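One-based numbering, in listed order, for ligands and for the atoms of each. Fair warning: this is a prediction, and the values are worked out from it, not measured in the lab. Hydrogens, waters and symmetry mates are skipped; everything else that's a heavy atom, side chains included, is used.
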Amino acid sequence: MSDPIAIRKAEHLELAQSISDGVGGSAGWEDIHLVHQALPTIDADMIDISTVLLGRRLSFPLVIAGMTGGHPGAVEINRLLARAAENAGVAIGVGSQRAALEHPELERSYTIVREEAPTAFVMGNIGISQLIEYLEAGLIDRHVATLTEMVGADALAVHLNYLEEVVQPEGQTRARDSLAALAAFVKASTVPVIVKETGGGLSGQVARRLKDIGVSMLDVGGRGGTSFAAIEAERSRARGINQKNDLGNALSTWGIPTAVSVLACSQVLPTIAVGGVRSGVDAAKSIALGAVAAGVGRPLLVCATEGEDSLGRWLDGFQLQLRSAMFLAGAHDINDLASSTKVVLGSTKEWFSQLGLS
Ligand SMILES: Cc1cc2nc3c(=O)[nH]c(=O)nc-3n(C[C@H](O)[C@H](O)[C@H](O)COP(=O)(O)O)c2cc1C
């Protein structure tokens, strides 16, 4: 493997598993409380945990976050994740497809997802820095079509990752034409476009700008889960690039906590809660804050490296946790959960109040 993108992707996979959650601060779930209903009115196993995401029914409100593709080790991981998504009836994203646009021989690590998940809701993926380049080169239309066909995409996700790019030794920080590039991408796409952050979170203000150009859905990618500032700081440290390592450390708590971003964004567009969702209980809280589904990255990556059984156990546990939280909160279905009463404490309450969110 000599391609620099493939090498970087492989390093991300490895480091994401060794750097623990919350190095960059909390996602805020500990501050969100659903009110206990001591006298539920239906049995736990009668609760309907299914939901609808962009018109497609999911057995439960989970998105396997887009993580990988573009290097040889990604084929097996994406195969297992896709099979799990298909069996469980949930949605799945792939990692950035840039590698395959530049090196079509790497397509297999993405096409495997649609092969293994013929009926699942599959999301393609590309980064904002690439979109700016494609806009300049007049390649948006052509690449939109390739990205969509490669995975039989039901939606295309564009990731915003400037927090990562500023710390990454080889990072790109061009941003001037970002909104124009996104608008052109939305216009060219035949499927809904999702904009996702990757650890910095999305504010209500950004959400409104995205809504104005026709984006269909947001994935908040908030602070509190996998930290690309930490991952890139570690890559810089290993290369002796001290200034970038120091920058990554200085930015370690940067970002909007996931819970805050979910409340802000869901008032603007349908929103997926991603960033430090670690249980079905976190997911229940995110739905009570306004999310239509929760997305999980790192824990599922770790399970995929352990094998199919591990993934199956994690997904079963997630459903049990979600169903139990709904039972105890008196919610019969996802709509009930969305309108259930919650108590917000601590620094999350402070974020809500200072951003004028309620
Ligand atoms: C190893 C790894 C690679 C990732 N690569 C991408 C990517 O290529 N495109 C993208 O949009 N998000 C990428 N992500 C971000 C995830 O989609 C998600 O936003 C992030 O992992 C936060 O969720 P978590 O805290 O549950 O891990 C990646 C995450 C991991 C762990």
Side-chain angles (χ1 to χ4, degrees), residues 5-6 8-29 62-71 73-74 77-78 81 91-101 106 109-110 113 123-131 147 151 153 155-165 168 193-202 217-232 234-235 255-259 261-262 271-279 282-283 286 293-305 314 318:
I5 306 176
R8 185 165 72 239
K9 294 290 160 191
E11 286 177 4
H12 285 167
L13 267 189
E14 206 177 304
L15 286 170
Q17 294 176 70
S18 61
I19 294 174
S20 52
D21 280 334
V23 282
S26 147
W29 307 124
L62 181 73
V63 174
I64 300 180
M67 286 182 282
T68 198
H71 61 99
I77 290 174
N78 272 346
L81 290 173
I92 179 167
V94 295
S96 171
Q97 291 166 266
R98 172 195 183 184
L101 289 181
L106 295 171
S109 59
Y110 303 94
V113 171
M123 290 169 268
N125 191 295
I126 193 72
I128 188 68
S129 309
Q130 282 69 58
L131 282 201
L147 295 172
V151 293
L156 290 176
V158 177
H159 66 264
L160 310 183
N161 63 333
Y162 287 114
L163 174 57
E164 175 185 11
E165 299 279 5
Q168 191 176 90
V193 173
I194 300 170
V195 171
K196 71 192 288 288
E197 241 292 348
T198 49
L202 295 170
M217 186 173 251
L218 304 172
D219 163 339
V220 301
R223 186 197 80 180
T226 300
S227 165
F228 275 93
I231 290 173
E232 295 298 350
E234 179 52 28
R235 288 184 66 239
I256 306 169
T258 301
S261 196
V262 166
T271 293
I272 309 171
V274 183
V277 173
R278 295 296 172 257
S279 70
D282 292 346
S286 78
V296 175
R298 194 173 88 97
L300 290 168
L301 177 65
V302 172
C303 289
T305 59
W314 194 96
F318 180 91

Within-cut-off N or O pair, Met67 and ligand 1, under 3.5 Å: yes
Ligand 1 to Gly66 polar contact by distance, N or O atoms, under 3.5 Å: yes
Short N or O distance, Thr198 and ligand 1, threshold 3.5 Å exclusive: no
Within-cut-off N or O pair, Asn125 and ligand 1, under 3.5 Å: yes
Heavy-atom nearest neighbour of atom 11 (O) of ligand 1 within options Gln17, Gln97, Lys196: Lys196
Heavy-atom nearest neighbour in the protein, as seen from atom 31 (C) of ligand 1, with distance rounded to 0.1 Å: Ala16 CB, 3.6 Å
Region of Thr226 engaging ligand 1 - heavy atom pairs below 4.0 Å: both
Pair Arg8 + Glu11, salt bridge at N-O below 4.0 Å: no
Closest contact, heavy atoms only, Leu160 versus Ile128: CD2-CB, 3.8 Å
Numbering as shown, the atoms of ligand 1 that approach Gly95 to under 4.0 Å (heavy-atom distance): 7 (C), 8 (O)
Glu14, CD atom: more than 12 neighbouring heavy atoms under 6.0 Å: no
Val262 to Ala273 - nearest heavy-atom pair and separation: CG2-CB, 3.5 Å
Distance from atom 7 (C) of ligand 1 to nearest protein heavy atom, with residue and atom: Ser96 N, 3.6 Å
